Protein chains: 2
Amino acid sequence: MSTIQPKRDLILDCARQLFAREGFHATGVDRILDQAGVAKMTLYNHFGSKEQLIVEVVDQASLQLVGLMDSWTNASEDPFEQIILLFEGLAGWFDSPDRCGCLIQAAAAEFSDPGSPVGQAILRHQERVQAFLTRITRATECPDASGLAARIGLLFAGAMTAARICRCREPADEARKAAAILLEDACRRAELELE
Amino acid sequence: MSTIQPKRDLILDCARQLFAREGFHATGVDRILDQAGVAKMTLYNHFGSKEQLIVEVVDQASLQLVGLMDSWTNASEDPFEQIILLFEGLAGWFDSPDRCGCLIQAAAAEFSDPGSPVGQAILRHQERVQAFLTRITRATECPDASGLAARIGLLFAGAMTAARICRCREPADEARKAAAILLEDACRRAELELE
DNA sequence: ATGGGAATAGACCGATCAGTCTATTTGTTC
DNA sequence: GAACAAATAGACTGATCGGTCTATTCCCAT
């Protein structure tokens, strides 16, 4: 058997794909087992329950997405450019043919209780993203960096939501334009303040 | 029996509430029947299948939301003000305690196939919203009205997505600020073009 | 009063759900 | 080769799923 990756990661990967394509509740444990070619007890020994598997899938997807955002923005030192790069990266991400939008948004839609383990994982993701965005907007030295980060985050989330429906990169491109306008505005206000 | 509204609307209403709170796949038909106090055959005589019920719930929610958007913006004749009113209305909408975000976004997350009946209903909604927004942005007589509408739509969707997670009106307030900046920018470009 | 359409309760269907259990095999490491 | 942990197949549980069917009851209009 040529399992390069341990079974645990294999299950995590197959589960992520199926959850993204079919949804969390609509994907039965047996479907994941078939896809991964793995016995039932292997899954339950590793994760304990379907809910815990979902939590780990969401956490992994969150770290992966934030990692992507980081790699997209690494190409520049200028925080203004970084935000543009962020939306360009997002647009490129949507070009992947098998992509069905953001897994974490899907999880938020299916698990609305913020107190549940899955809800907690979603909140962790939200905090990660906002922390990432705030780190960039603070570097712009514009006033109201956190407000700017919140607005950029709204565009980011909106682009993901729209891309799930229209399945194209246009929302991300439009979000990039909107972000550029918001940045220009914040920049202009900063200059006014200096005078 | 004091059924003021016909059973059909009662079922539709209970289903909408349960779908919004628990999700579509997670809500069994029997739960809807219990909540509505209605026999199983009554539901199946009216809707034929759970999927068709979902389609009608989504369509009803779409018409209701667009109707709300219309009523929020009716308070002014000025298209710039109308967009601000739109996000103020949205913020007020999120103040409702039992609200768990946008039912149509949840549907989009659970039914990713755009060819399915539910997917079609979601596309119809998306077209309704964009048509509504474009009608307003065209009245601003700014250049690139459809682009502006798309950007406003992204903020609108982003605010809904964020509100589902944080369960507060802040995202809508922040989206309103962002929309105001986008409008100001579009307005400024229009004036520059006139000179 | 009576006929008919709408709604009722509830049994029933096969399929699938998440999760458990056991007995066996596999691969690795002393 | 012995020991041991990991993974295997597959039977099994009770619950729930969406959906069907029947027989009965209710209410309203003629």
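Each chain gets a letter, A, B and so on, in the order the sequences are listed, and its residues count up from 1. Everything numeric here is computed off the predicted structure, so don't read it as measured data.
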Student: Could you state the atom-to-atom distance from CD1 of B:I54 to P of D:dC17 in whole Å?
Tutor: 13 Å
Student: How does each nucleotide of nucleotides 16-24 of chain C score, in 5' to 3' order, for protein heavy atoms under 4.0 Å: base (B), sugar-phosphate only (S), or none (-)?
Tutor: -SBBBBB--
Student: Name all residues meeting the side-chain contact (heavy atoms from CB on, under 4.5 Å) criterion together with B:A172; count only those two or more places apart in sequence or in a different chain, and write none if there are none.
Tutor: B:L90, B:A91, B:F94
Student: Please identify each residue that fulfils salt bridge (Lys or Arg N to Asp or Glu O under 4.0 Å) with B:E88, with sequence neighbours left out.
Tutor: none
Student: Could you state the atom-to-atom distance from CG of B:L43 to P of C:dA7 in whole Å?
Tutor: 11 Å
Student: Rounding to an integer number of Å, can you tell me how far A:L10 CG sits from D:dA6 P?
Tutor: 17 Å
Student: What residues from residues 113-122 of chain A pass a heavy-atom cutoff of under 4.0 Å to DNA chain C?
Tutor: none
Student: Of all residues at least two apart in sequence or in a different chain, which pass the ring pair (Phe, Tyr, Trp, His ring centres under 6.0 Å) check with A:F19?
Tutor: A:F24
Student: Verify the contact: side-chain N or O of A:H46 to OP1 or OP2 of D:dA7, cut-off strictly under 4.0 Å; return yes or no.
Tutor: yes
Student: Just wondering, are more than 12 heavy atoms of other shown residues or ligands nearer than 6.0 Å to CD in A:E141?
Tutor: no
Student: Using whole Å, what does the distance between atom P of nucleotide D:dT8 and atom CZ of A:R8 come to?
Tutor: 15 Å
Student: Output the rounded distance in Å from NZ (B:K7) to C1' (C:dA9).
Tutor: 13 Å
Student: Please table the atom pairs, donor to acceptor, closer than 3.5 Å between any side-chain atom in residues 151-162 of chain A and protein atoms at least two apart or in another chain.
Tutor:
{"residue": "A:R151", "atom": "NE", "partner": "A:G147", "partner atom": "O", "Å": "3.4"}
{"residue": "A:R151", "atom": "NE", "partner": "B:E174", "partner atom": "OE2", "Å": "2.9"}
{"residue": "A:R151", "atom": "NH2", "partner": "A:D144", "partner atom": "OD2", "Å": "2.8"}
{"residue": "A:R151", "atom": "NH2", "partner": "B:E174", "partner atom": "OE2", "Å": "3.4"}
{"residue": "A:T161", "atom": "OG1", "partner": "A:Q105", "partner atom": "OE1", "Å": "3.1"}
{"residue": "A:T161", "atom": "OG1", "partner": "A:A157", "partner atom": "O", "Å": "3.0"}
{"residue": "A:T161", "atom": "OG1", "partner": "B:T161", "partner atom": "OG1", "Å": "2.9"}

Student: With sequence neighbours left out, which residue pairs that include part of residues 41-58 of chain A fulfil the salt bridge (Lys or Arg N to Asp or Glu O under 4.0 Å) condition?
Tutor: A:R8-A:E56
Student: Taking side-chain hydrogen bond (donor to acceptor under 3.5 Å, both in side chains) as the definition, give me every residue that meets it alongside A:S76, ordered by chain and number, with sequence neighbours left out.
Tutor: A:E81
Student: Can I get a per-line list of side-chain donor-acceptor pairs under 3.5 Å for residues 35-46 of chain B, giving both atom names and the distance, sequence neighbours left out?
Tutor:
{"residue": "B:K40", "atom": "NZ", "partner": "B:D30", "partner atom": "OD1", "Å": "3.2"}
{"residue": "B:N45", "atom": "ND2", "partner": "B:M41", "partner atom": "O", "Å": "3.1"}

